Amino acid sequence: MDTIVRLLTTVVPMAYLLAVVAYVFDFVGFHPAAARSARRLLNVALALHAAQLGLRGVLYVHVPLASGAEVMGTVAFAIAGVYLLVERRTGVERTGAFVIGAVWILQTLSTALLEPVTQFPALLRSPLFGLHTGSAVLGYAAFGLSAVYGVLSLQLHRALKRQRFGVIFNRLPSLDVLTRMSLSAAAVGVGFLGVAIVLGMIWASRTFPGFVFDPKVALTVAVWLAYLSVLVAYRWLKWSRRRAIGFLLAAFLLLVAAALATAFALPSFHAFV
Amino acid sequence: MDLVLVGANHRTSTADVRASLAFDAEGIQRTLARVQADGVLRESAILSTCNRTEFYGVADGADEGLEYLRRVIADYAHVDLGGGAASGYAFATADAALHLHRVAAGLDSMMLGEPQILGQVRDAHVAARQAATVGPILDRLWGSAVHAGKRARAESGIATGAVSVASAAVSLAERVFGSLAGREVLVVGAGDTGRLAARHFAERRVGRLVIANRTLDRASRLAEEFSGHAVEWSALPSALVSCDVVISGTSAPGVVITADMVRLAVSARPEKPLVLVDIAVPRDIDPGAANHENVFLYPLDALQTMVDQNLAKRQREVPRAEAIIRDECDRFVAWARSRGATPVVRELREQFERLRAEEVRKSLRHFNEADYLHVERLTRAIINRLLHGPTARLKTIDAASEGGAMSLEAVRHLFALEGESNGERKESEHGR
C-alpha cells in the first residue's frame, strides 16, 4: 500500500497540472471543448487526491492533518472540491485556471515536503479534534478561494478602468460576480474558522489542563478578527467593494505570514508529530 | 433531382434592387402557391430579409430549375438577375446547399456572425411548410443548415463580442454588473442615438430605464416607447445618484455631465459602481469623472476600439466556422446523394425477402411450429447479413453522376429489379 500511496502522491500534482492546462486553454478561448475536458480532468484529479488522502489515512492510521505538508494537501483538496461545487452551481468556469493553479502550487509543495508519519498520538483521535481540524481546513480553503477571486476582481477592475479589452476583460466573469464570490468565500471562511477556534479551545482545555496561550492560536484569532473587521466595515460602514477586497487580501497575507511564522519561527503546541 | 438556388444579397445588388425583391409574409405564400401550381419544382422555399432574397427549389434538372426561378423573379419583381446593378447568384446541388449553410451561420451576412439570420432562416422554413411546398429534401436541408448555424456559433467565436457601439455599451455594463436585470439605466438624450441605446438596454430587461432630455416631451415619448420613466433635465444630478449605468448621446456642444455632478452622486452611494458611457461627439461627460475608483467611464473611442477588436476576432474565427459548415453540409450532400439509390435498395431487399419467404414456405411441411419460427429467424438473419454490405455501399453511390447511374443500372440488371423502378420512373415521368 505504501508504494501506491507514494505513486498517488506523485501523480496528484500532475493530474492537477493537466486540469490547469485545460482550464488555461478554456480561458484563452482555444477551443469550446476545453472547458468540458478541464472539468473531467479536475474530477479525475480530485478522485486521485481523495484516494491519496484516504489511503494515507488508513496506512498511518490518522487524519491527514498531522504535518504542515499534510495540511497543505488537505487544504488544496478542500479548495479544489469547493471550487468544483461552485463551478457546477454557478456555471462560472473561467476562473478554474487561477483557482486550480493555486491548488496545483499548494499540492506540489505538499508532495515535495511530505514525509511518512511514524507515530500519531492517540489523543488526537478525538471526534472533537476531527471537527476542529475539519472546520479549520474548510475555513482556510474558503480564505484561499476568497484571495484568488479577490486578485481576479482587482485585475478586472484595473482592466475596466484602463479600457483594456484583452483576455482578462473578455474571459473572466463580471466584476460583480468576482467581488461577490470573494466576499462570500471570506464570510464562509470566517464562519468555519470561528467554529474551529471555539472547538479548538474547548478540546484544548479538556485535553491540556492549564492551557492558556499558544502563539498559533493567537495568530489564528488575529487573522479571524482581521477578516471579520473587513466584512463588518463593508457591510455597515459602506466600504466600496474594491476597498473591501484590498483589505481581504491584506488579511490573507497576514494569514500566510502567520502560517509561516508558526511553522518555522514560533513554538506551538500544535506540532503534534 | 437537383437542388437549385437563385438570389441576390447586399454584396451582389443595390439596396433598390433588394427592395424590389423583398417579400412580405403574404407575398411569400402567394409566390410559393404559384410555383407549386406551375409544377416545375417538386419543392420550394423563399428566404427574404432586408439584405437578401433567395429562392430555393428542387427540380428534376438543375438548368431547368434555375431558368424557371429566374423567370419567377423577373415576373414578380421585374428584375432580371443577369448582371449590372441587379446581378445576383445562382447555385445548384452541393453549392446551393453550402450557400444556405453559410447563410444560416451568418458567414454571408453584412455583420459577420449576426444572430438574426438564424431566426430568419427558420421562419423561411415555417412559411414554406405553411404553403406545403417543402418535402424531404428541403426539410432535411433546412434542418441541417439551422443545426450548422447553431454549431458554428457555439463552437467557434464567429458570434462573440459586441460589434456595434450600442451593443458595446451594453457589453461594458455587463462586464461590471453581470446581468443587467434589476439595474437602473439612465439614457441622456432622446435623439436617434438615445433611442438606439434605450432599445439595446431595454432588450436586456433592465430594472428601470430613465430618460433625461432637455425637452421633457421628447424624453416622455421615448420613455413610453420602452416602458421607461422620463425626468426633467434639471433632475439629472439626482437621477445620477440612483442609477447604475449612464449612457449619454446628446448633440450638446459642451459637457452635460460634469465631474462634480458625478463626484456628488458617487459620494451618496460609495459602495455602488457607476458605469458612464459617452457616445456623443463632442463629449457629454467630463473625463475627470473617471477619477473616482468606483466610476468606469467609456468614451466613444473606447467603444469603437472594442468593436474593431471584436470584428477582427470574429474574422479570425471564420476558418473554424467554415470547417463546421462543410462538415454539416457534406453530411447533407451524402444523404441527398444516397436518396438516388434508395429505390434500388428497397427493391433489392424486397426481392430477397420474397425469395426467402417462398423457399421457407416450400419446406414448411418438414418443420413443426417451433422449428418454423427458428427457420424464419435464421433465414431472415442470413438475408440481412448478406445484404448489409451491398446496402451500405449502394447508399454511397451518387445516382446523379454518370458512374453512379451505371452502377445502379448494373445492380438492377444483375438482380432483375426491373418492375418497380421502371414503374416509379414511368409514374414520375407521367407526373411531369
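Order of the sequence lines fixes the chain letters, A, B, ..., with proteins taken first and strands second; residue numbering starts at 1 for each chain. All figures in this text were calculated on a predicted structure; none of them were measured in a lab.
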(request) Sort A:Tyr234 into side chain, backbone, both or neither according to what part of it lies under 4.5 angstrom from a heavy atom of chain B. (result) neither
(request) Might you work through the side chain to side chain contact (heavy atoms under 4.5 Å, CB included) test for B:Lys313 and A:Asn170, ending with a clear yes or no? (result) CA-CA 12 Å; B:Lys313 239 182 279 172; A:Asn170 282 307; 3.0 Å; yes
(message) Counting heavy-atom pairs closer than 4.5 Å to chain A, which one of B:Gly178, B:Ala302, B:Ser179 comes out on top?
(response) B:Ala302
(request) Report yes if the side chains of A:Leu160 and B:Arg175 come closer than 4.5 Å at any heavy-atom pair, otherwise no. (result) yes
(request) Report the C-alpha distance between A:Phe169 and B:Leu172 in whole Å, list the side-chain angles of each, state the deciding distance to 0.1 Å, and finish with yes or no for side chain to side chain contact (heavy atoms under 4.5 Å, CB included). (result) CA-CA 9 Å; A:Phe169 173 85; B:Leu172 280 165; 3.7 Å; yes
(request) Can you establish whether the number of heavy atoms outside B:Arg151 located under 6.0 Å from its atom CZ is more than 12? (result) yes
(message) Please determine whether the number of non-hydrogen atoms from other residues, nucleotides or ligands lying under 6.0 Å from atom CZ of A:Phe192 exceeds 12.
(response) no
(request) Please determine, among A:Thr179, A:Leu178, A:Val177, A:Asp176, the option with the most heavy-atom pairs under 4.5 Å with chain B. (result) A:Asp176
(request) Heavy atoms only, distances under 4.5 angstrom: which of A:Gln163, A:Lys238, A:Lys161, A:His157 has the most pairs with chain B? Name it, please. (result) A:Lys161
(request) Step by step, work out the side chain to side chain contact (heavy atoms under 4.5 Å, CB included) result for B:Asn310 and A:Phe165. (result) CA-CA 9 Å; B:Asn310 287 338; A:Phe165 308 125; over 6 Å; no
(request) With rounding to the nearest 0.5 Å, note down the distance linking OG in A:Ser240 to CZ in B:Arg269. (result) 12.0 Å
(request) With rounding to the nearest 0.5 Å, note down the distance linking CZ in A:Arg235 to CD in B:Glu271. (result) 10.5 Å
(request) Verify whether one side chain among B:Glu174 and A:Ser174 offers a donor that lies under 3.5 Å from an acceptor in the other. (result) no
